Amino acid sequence: MTQTDQTAVTVLVIDDERDIRDGCERFLSRLGCSVTKAPDGVAGLEAMEKNPADIVLLDLKMPGMDGLEVLKNLRQLHPQALVIVITGYATVETAIEAMKLGAYDFLPKPFQPDHLRLTVGRAMERLRLTRETERLERERQQTLADLAGEQSRLRTVIRALPMGVLVTQPDGRVVLHNPTFCQMAGLEPNSPSGQDITHYLSEPKVHELARRASRQRQGNGEDPPAVEFVTGQGRNLLAQATPVLGDGGDSLGAVLVFIDVTPYRMLDQLRQEFVAKVSHELRSPLSTILLQLTLLVGEEGAAPIQGHRHLLVRARERTQGLISFVRDLLDLSRLENGGGISAEPVEVSLEKVLTSVSEALSDQARNRKIELSLEVPEEPLPVLRADPVGLESVFTNLAANAINYSPDGGKVKLRAWSVGDALKVAVSDEGFGIEPDKIGLIFDKFYRVKNEKTRYVTGTGLGLPIVKSVVEGLGGAVEVASELGKGSTFTVTLPTKPA
Ligand code: ADP
């Protein structure tokens, strides 16, 4: 037996004859065994207790504890030890009895060294095989543990994926899915696998997708087929399927990956709505201008109509309206992209801004017989660091709205004051007011309240979104208090110290 990477074989010799004990020791040591000796059964069991041997040479005929008794104890306490019984010719029956009790082999007395070598050699070979089997078993267990570790790692990764995963067999049975999928499909977080795909998703397009991928025998190099569908919970999901191929290129099933594309679809919808609204806003004034120009140009060959200055005036107004609409759109897009309306912020005096706004609107107010007033404290207000054009557009929009949504002869007041580290400006009117359920909507792009009073007021629905963007960009806020038929107050708060 080679002893390269294994521990040496240990042998215990239990015999009352000293010569035999010593002889065995000498001989077995030469075979490379590590030998201990005991003169009787009790001593032998004690030696085994202290240092269990691989092989025990046990004399059956000893004074004191009988050899068979020792054997029984050994089998019970050290079942792994190989016991070779040493017995005289006279006790062959006993030897048979010993074999029945579990002895590994027997050695008739008197024996020659060759016999000893043969018998112990057999036991050593058996030991080698046992150890080899144990080693292989340990290796197998380790491989299984590695495999189990690998599987659980894979499962952990699949569980953590932000996209839904569903794996189906060719017959449509789901063998694996992850919590993201359950959440997307509106299922319980830990719904078990094992059912048909229809149990997890009712969308026939996805069933067909899984079937098609399962039928595919080889990847065709193209992008995996995909379908988009809406779940019962109103989510837009994109499902992509890839076949799982075995070593022979045959299909073992399909892996379906689900991505939630709801935010993209919402963006698409917003973009479409935006384009529709802008086109609508552009079409009506452009049609009016076209109509007016057509009237002025007259029929083919006919002289242009004279004396229709008012048509040109109207066309100019509509064109101006269009230009201001496009300007508002550009301002808003600049603000939403994180920029200001004009350049860098500078130190601005709020009184100056408000004075310039009320002067710019005075004609408009006068035409409508509206009393436009400005009230600022006697003490100068703290200066603001802001984009002056942006600030002017805030108060122009608010004051113009106050004028536009007031009946002729109304009152519009601009009032500024300072509180702590903030400046406040209230723009109030005694005009139409806003219905309570519409107040939450007026800061939305293109939103305009449509009622009997407002229908004759032209506008784009972009003024208040611009106000909100500029004010919030300065770290401030806008509040609205309004009562239908009584009037509205828009209060802007601007911090004087940047956050
Ligand atoms: P526009 O004035 O171009 O319609 P805005 O964004 O400035 O767009 O305002 C949105 C809507 O809010 C207006 O259409 C109007 O219905 C309502 N609104 C704004 N200011 C007032 C106000 N002072 N009084 C009554 N309604 C107002």
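Since the structure is predicted, the reported quantities are computational estimates derived from the model, not experimental observations. Sequential numbering from 1 along the given sequence is applied to the chain's residues. All ligand and atom numbering here is 1-based and tracks the order in the structure.
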Interfacing atoms of ligand 1 (cut-off 4.0 Å, heavy-atom, Val449): 14 (O), 16 (O)
Do Glu317 and Arg314 sit within salt-bridge range, that is, some charged N less than 4.0 Å from a carboxylate O? yes
Of the options Leu238, Thr231, Leu201, which is the one that meets Phe258 in a side-chain contact (heavy atoms from CB on, under 4.5 Å)? Leu201
Can you find an N or O of Asp429 that's nearer than 3.5 Å to an N or O of ligand 1? yes
Counting neighbours of NZ on Lys352 that are heavy atoms of other residues, nucleotides or ligands and sit closer than 6.0 Å, is the number greater than 12? no
Got the closest protein heavy atom to atom 17 (C) of ligand 1, with its distance? Ile442 CG2, 4.0 Å
Any N or O of Ile434 that comes nearer than 3.5 Å to an N or O of ligand 1? no
Near Pro465 (heavy-atom distance under 4.0 Å), the atoms of ligand 1 are 6 (O)
May I ask you to decide whether Glu375 forms a salt bridge with Lys413, counting only side-chain N to carboxylate O separations under 4.0 Å? yes
Phe443 heavy atom under 4.0 Å from ligand 1: no
Backbone or side chain, does any N or O of Tyr447 fall under 3.5 Å from an N or O of ligand 1? no
Considering heavy atoms of the protein only, find what lies nearest to atom 15 (C) of ligand 1 and give residue, atom and distance to 0.1 Å. Tyr405 CZ, 3.5 Å
Check: of Val480, Asn401, Asn397, min heavy-atom distance to atom 20 (N) of ligand 1 comes from Asn401
Can you tell me if CD on Gln80 sees more than 12 non-hydrogen neighbours from other groups inside 6.0 Å? yes
So if I count the atoms of ligand 1 from 1 in the order they appear, which ones are less than 4.0 Å from some heavy atom of Gly459? 3 (O)
In ligand 1, the atoms that come under 4.0 Å of a heavy atom of Gly461 are 1 (P), 3 (O), 4 (O), 6 (O), 8 (O)
Ignoring hydrogens and angles, state whether a donor on the side chain of Thr10 or Asp54 is under 3.5 Å from an acceptor on the partner side chain. yes
I'd like to know whether CD of Glu188 has more than 12 heavy-atom contacts from other residues, nucleotides or ligands below 6.0 angstrom. no
Does a sphere of radius 6.0 Å around CD in Glu49 hold more than 12 heavy atoms from other residues, nucleotides or ligands, not counting ones at 6.0 Å or beyond? no
Answer with yes or no whether Gly431 contacts ligand 1, where contact means a heavy atom under 4.0 Å from a ligand atom. no
Please say whether more than 12 non-hydrogen atoms of neighbouring residues, nucleotides or ligands are located less than 6.0 Å from CD in Glu379. no
Determine, considering heavy atoms only, which of Val467, Leu464, Leu398 sits nearest to atom 5 (P) of ligand 1. Leu464
What is the closest protein heavy atom to atom 4 (O) of ligand 1, and at what distance does it sit? Arg448 NE, 2.5 Å
Geometric N/O contact Thr460 with ligand 1, under 3.5 angstrom: yes
Heavy-atom neighbours of Gln169 CD exceed 12 at 6.0 Å: yes
